[in-house]
Visitor: 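Have a look at this one before I ask anything.
Note on naming: letters A, B, ... go to the chains in the order of the sequence lines (proteins, then strands), and numbering restarts at 1 for each one.
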Amino acid sequence: MLRIPCPWCGPRPENEFRYGGQAGVIRPADPAAVSDAAWGAYLHLRDNPKGRHVERWRHLHGCGRFFTCVRDTVTDRIASTHKPGEAVA
Amino acid sequence: MTGEAARFSFLSLLRHGAGKTWARQWRDAQPKASYDVVIVGAGGHGLATAYYLAKEFGIRDIAVLDKGWLGGGNTGRNTTIIRSNYLQPESAALYEHALKLWENLSRELNYNTMYSARGVLMLAHNHHDVQVFKRHVHANRLQGIDNEWLTPAQAKAFCPPLHIGPDARYPVLGAALQRRGGVARHDAVAWGYARAASAMGVDIIQNCAVTGIVRDAAGAAVGVETTRGPIGAARIGVAAAGHTSVLMAMAGVRMPLESFSLQALVSEPVKPVMPCVVMSNTVHAYISQSDKGELVIGAGTDAYTSYSQAGGLHIACETLEAICEMFPRFRRLRMLRNWGGIVDTTPDRSPIIGLTPVPGLFVNCGWGTGGFKATPGSGHIFAATLASGQPHPIAAPFSLDRFATGRMIDEAAAAAVAH
Ligand SMILES: Cc1cc2nc3c(=O)[nH]c(=O)nc-3n(C[C@H](O)[C@H](O)[C@H](O)COP(=O)(O)OP(=O)(O)OC[C@H]3O[C@@H](n4cnc5c(N)ncnc54)[C@H](O)[C@@H]3O)c2cc1C
Ligand SMILES: [Zn+2]
């Protein structure tokens with residue numbers, strides 16, 4: 001089980017959290033204006049990197065807040081976590 | 001050596017029993033400068049693809065490359081559940097195509113793949129499960145695929161160790177049974193295809209990681225960079241399971257895939273106690289008994305993407321808890337081993353088989369938690385697709401562009417898993 005440092009609550013066990021996938025996926029401002037390919041890409045295409053991954057988590061069974069996490073997908077080590085809007089190193 | 005591998009027979013086994021040592025079952029090939037077809041990934045799907053290309057589509061100038069050893073990926077890590085009772089007609093056609101090939105595979109390959117149609121029982125634990133499984137039974141009947149509904153008592157008669165009493169932590173409200181479903185020996189499937197493909201001239205090249213995909217001025221894929229040097233290819237088929245996103249990124253293609261660790265465990269070996277396969281999607285527990293006597297247990301995936309091939313301990317523990325609640329007598333067993341594999345999941349939990357935006361580059365992926373059962377069928381239709389440059393009719397609905405058109409093949413609805 002991962003120990004995830006919530007930016008507000010500190011380190012907590014993984015089962016207090018909900019994983020939210022790749023961070024920074026931006027919804028097209030006007031969905032009707034974009035092509036099917038662009039809309040499909042927004043919905044379904046993900047980087048899925050082997051290595052550094054910037055991802056979204058939510059401290060569901062805790063403070064309830066969303067945050068950004070930088071994790072290595074090979075070692076599962078967490079490099080840092082950030083409040084929304086904070087710059088990610 | 002091309003054509004047939006030295007045949008196994010009762011006589012040949014007898015001779016070896018008398019002390020004759022076994023010959024290598026496939027050549028340890030060195031990479032050539034180029035091939036008609038290069039397949040990335042020597043798992044069951046990649047090896048089967050090479051076999052059918054050589055056997056049925058007349059292409060024998062093929063290399064199958066693997067970064068590790070053949071069958072060392074999910075093929076050698078899975079719990080080998082085979083069934084074809086999927087809901088959507090496209091999936092039913094695909095998995096039934098595979099099941100028909102399983103039924104004759106040992107004979108076809110002259111290699112004992114130990115396919116055993118001992119029946120796959122899928123337990124319904126709540127009202128939603130009952131409705132979903134009955135819908136599957138009816139849909140399968142229309143598709144001509146065997147799948148039947150059992151009462152709890154009938155399920156218990158089919159699988160005596162199952163606990164169906166009123167005090168059951170996970171009550172059994174009924175079960176769907178596919179009698180033709182079962183298991184096979186995972187390594188034998190990889191080895192059988194490797195041996196037969198190698199005998200027809202296919203080069204199987206291990207310890208050869210693909211590190212780049214070479215494209216010409218027009219953008220077409222024309223070869224691969226590897227840790228053993230560049231290899232040219234008229235066509236490239238990627239069959240790299242959990243690493244597909246990494247490989248496709250080498251050609252600039254983003255995929256609708258996320259990779260997760262999926263775990264399994266085996267117990268110490270015991271005498272025959274489990275006559276069939278039992279699946280419980282609701283509590284993520286999958287169990288059968290190998291011919292060596294070990295209970296083979298499948299667990300769930302982690303919540304987060306990973307390439308660690310490990311997985312969280314709590315995931316395996318939750319599955320063991322569920323197994324012991326459903327089969328109280330297994331509480332006394334000890335677990336021998338636990339491992340993980342990296343599975344590539346798509347948004348609709350259906351695979352992707354076919355063309356890509358890059359000419360010359362084809363992909364076979366997205367099998368997620370349930371692609372072992374498809375191995376022969378997947379290899380066959382991917383071979384047809386690579387040979388003709390057009391999707392095989394069974395593969396056509398599983399195109400990559402369905403994630404732009406929206407024509408999903410939704411197998412996720414029932415339980416978000418498809419073992
Ligand atoms: C624990 C577990 C339980 C499962 N249980 C079941 C089940 O009961 N029933 C079922 O049907 N399915 C099951 N599955 C899923 C099934 O194992 C897979 O869908 C299937 O085996 C995939 O086969 P494959 O040949 O595509 O992939 P793999 O066997 O993983 O082969 C892919 C190969 O690609 C190679 N590769 C990767 N990157 C590179 C590179 N850069 N260069 C060269 N080679 C590379 C890898 O080394 C690997 O050998 C399970 C999976 C796991 C992990
Ligand atoms: Zn918190």
Visitor: Would you say that B:M255 contacts A:R46 through its side chain, given a criterion of any heavy-atom pair below 4.5 Å between the two side chains?
Guide: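 Result no, sub-4.5 Å side-chain heavy-atom pair not found.
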Visitor: Could you work out, with salt bridge (Lys or Arg N to Asp or Glu O under 4.0 Å) as the rule, every residue matching B:D401, not counting sequence neighbours?
Guide: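 Checked B:D401 against salt bridge (Lys or Arg N to Asp or Glu O under 4.0 Å); zero matches.
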Visitor: Report which part of A:D72 has an atom under 4.5 Å of a heavy atom belonging to chain B: side chain, backbone, both, or neither.
Guide: neither
Visitor: Okay, side chain of A:D36, backbone of B:T405: is any donor-acceptor separation there less than 3.5 Å?
Guide: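 Pair absent, no side-chain N/O of A:D36 close to backbone of B:T405.
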Visitor: Would one find more than 12 heavy atoms of other residues, nucleotides or ligands at under 6.0 Å from atom CH2 of A:W8?
Guide: yes
Visitor: May I have the step-by-step check of side-chain hydrogen bond (donor to acceptor under 3.5 Å, both in side chains) for B:T305 and A:Y19, ending in yes or no?
Guide: CA-CA 9 Å; B:T305 60; A:Y19 180 64; 3.3 Å; yes
Visitor: How long is the straight-line distance from CG of A:N48 back to CE of B:M248, given to the nearest 0.5 Å?
Guide: 12.5 Å
Visitor: Can you list the residues that meet the side-chain contact (heavy atoms from CB on, under 4.5 Å) rule with A:K50, with sequence neighbours excluded?
Guide: A:V74, B:H243, B:V246, B:Y307
Visitor: Carefully, step by step, assess A:H44 and B:R254 under the rule side-chain contact (heavy atoms from CB on, under 4.5 Å).
Guide: CA-CA 10 Å; A:H44 303 303; B:R254 286 180 88 216; over 6 Å; no
Visitor: Evaluate the side-chain contact (heavy atoms from CB on, under 4.5 Å) criterion for residues A:L2 and B:Y304: first the C-alpha distance (whole Å), next the side-chain angles of each, then the deciding distance (0.1 Å), finally the verdict.
Guide: CA-CA 10 Å; A:L2 302 180; B:Y304 50 87; 3.5 Å; yes
Visitor: Please classify the contact of B:A303 with chain A as side chain, backbone, both or neither, using a heavy-atom distance under 4.5 Å.
Guide: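 Contact with chain A is through both the backbone and side chain of B:A303.
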Visitor: Nearest 0.5 Å, what's the CG-CZ distance between A:L43 and B:F403?
Guide: 11.0 Å
Visitor: Nearest heavy-atom pair of B:S306 and A:T73: which atoms, and what distance?
Guide: OG-O, 3.3 Å
